[in-house]
Asks: 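Below is a structure I'd like to ask you about.
A quick note: this is a predicted structure, and the numbers were derived from the prediction, not measured.
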2 protein chains.
Amino acid sequence: MTTTRRNAVREALAGCEGFRSAQDIYADLRADGSKIGLTTVYRALQALSDSGEVDVLRTDDGEAVYRACRTEEHHHHLVCRACGRTVEVGGPAVEKWADAIAAEHGFVNITHTVEVFGTCGDCAEG
Amino acid sequence: MTTTRRNAVREALAGCEGFRSAQDIYADLRADGSKIGLTTVYRALQALSDSGEVDVLRTDDGEAVYRACRTEEHHHHLVCRACGRTVEVGGPAVEKWADAIAAEHGFVNITHTVEVFGTCGDCAEG
DNA sequence: ATCGGTTTTGACAACGGTTTTCACTTTCCT
DNA sequence: AGGAAAGTGAAAACCGTTGTCAAAACCGAT
């Protein structure tokens with residue numbers, strides 16, 4: 001597979017700290033002189049998220065935002081709502097809690113979404 | 001205030017167990033003979049969620065879904081992805097974990113979203 | 001009841017993010 | 001080279017949601 005285009009998207013994502021929308025990435029690439037199309041950006045992001053290379057989440061207004069994550073392992077995000085800086089956090093605590101809660105109510109085949117939002121130290125001291 | 005229309009939406013929500021989209025509720029009300037408009041349903045849901053009477057979350061495809069919750073207190077949801085049945089779960093464990101994680105990285109003013117999806121006992125034994 | 005005004009309502013249009021379509025190009029395989 | 005298969009991008013379609021605006025319901029004061 002060619003994926004020259006997909007690599008461009010991958011690298012655009014790798015170069016930033018927080019979550020970015022498809023249109024953000026499109027704008028970035030165009031600003032860098034790429035002739036990529038919006039459609040291709042969407043396709044690349046879909047492929048990358050299908051393959052687990054990037055994490056996706058939805059903003060409050062329903063927009064999908066993407067991020068290239070450092071680790072392959074299951075993790076969650078602590079996102080600064082001012083600057084978008086994101087740190088990956090993991091820990092058995094939540095996982096255990098989710099499993100326990102689910103078992104308690106007879107639910108099986110569990111998945112969960114956990115995201116934490118706040119203001120990071122740098123942004124807070126303004 | 002006591003807008004009859006808003007009450008209609010409130011009751012439509014109160015009568016069901018899981019999360020419903022705005023359009024679902026609109027369809028329900030119309031099916032019951034109401035002449036309510038879609039716009040009004042959206043407005044009512046917005047008002048109800050602003051006032052904290054209903055919880056909102058986003059499905060994977062970005063659609064907003066609403067639910068009338070039994071408790072005023074902060075809680076999370078365990079949702080059956082087959083039938084939509086939802087149980088409200090709470091517990092200091094996650095809250096503590098979120099606070100600790102945030103503090104550890106210097107984040108303040110924390111909020112978090114936690115949702116657990118699975119298959120409920122009834123749906124699993126099919 | 002009736003008048004003014006405010007508020008609520010709903011058909012319709014507009015919007016924005018995402019997906020589909022489709023014709024064109026590029027790549028891959030032989 | 002040559003033909004099939006995959007990739008690409010502009011524009012159109014889609015769909016949930018929000019804005020517009022005129023008509024309708026409401027309400028307090030006559």
Asks: Please give, in whole Å, the distance from D:dT8 C1' to A:Arg5 CZ?
Replies: 8 Å

Asks: Rounded to the nearest Å, what distance is computed from the CZ atom of residue A:Arg20 to the P atom of nucleotide C:dG17?
Replies: 14 Å

Asks: Does a salt bridge link B:Glu63 with B:Arg58, judged by any charged N lying under 4.0 Å from a carboxylate O?
Replies: no

Asks: Could you state the CZ-P distance from A:Arg6 to D:dG9, rounded to the nearest angstrom?
Replies: 13 Å

Asks: Can you measure from CG (B:Leu78) to CD1 (A:Ile101) and round to the nearest 0.5 angstrom?
Replies: 7.5 Å

Asks: Between A:Ala124 and A:Thr119, which heavy-atom pair has the shortest distance, and what is it?
Replies: N-CG2, 3.8 Å

Asks: In whole angstrom, give the distance that lies between atom CZ of B:Phe19 and atom P of D:dG16.
Replies: 19 Å

Asks: Return the set of residues passing ring pair (Phe, Tyr, Trp, His ring centres under 6.0 Å) with B:Tyr66 (not counting sequence neighbours), or none when no residue passes.
Replies: none

Asks: Quickly work out the A:Leu45 CG to C:dG17 C1' distance and round it to whole Å.
Replies: 13 Å

Asks: How would you list all residue pairs meeting ring pair (Phe, Tyr, Trp, His ring centres under 6.0 Å) that involve residues 79-124 of chain B, not counting sequence neighbours?
Replies: B:His74-B:His112, B:His76-B:His112

Asks: Do nucleotides 17-28 of chain D as a string where each nucleotide becomes B, S or -: B if the base has a protein heavy atom under 4.0 Å, S if just the sugar-phosphate does, - if no protein is that close.
Replies: BBB---------

Asks: Between B:Asp60 (CG) and C:dG17 (C1'), how many Å, whole number?
Replies: 16 Å

Asks: Does OP1 or OP2 of C:dT9 have a side-chain N or O of B:Thr40 closer than 4.0 Å?
Replies: no

Asks: Please give, in whole Å, the distance from D:dG16 P to B:Asp61 CG?
Replies: 8 Å

Asks: Can you check whether B:Thr4's main-chain N or O pairs, donor with acceptor, with B:Asn7's side chain at less than 3.5 Å?
Replies: no

Asks: Round to the nearest Å and state the distance from A:Tyr26 atom OH to C:dT19 atom C1'.
Replies: 16 Å

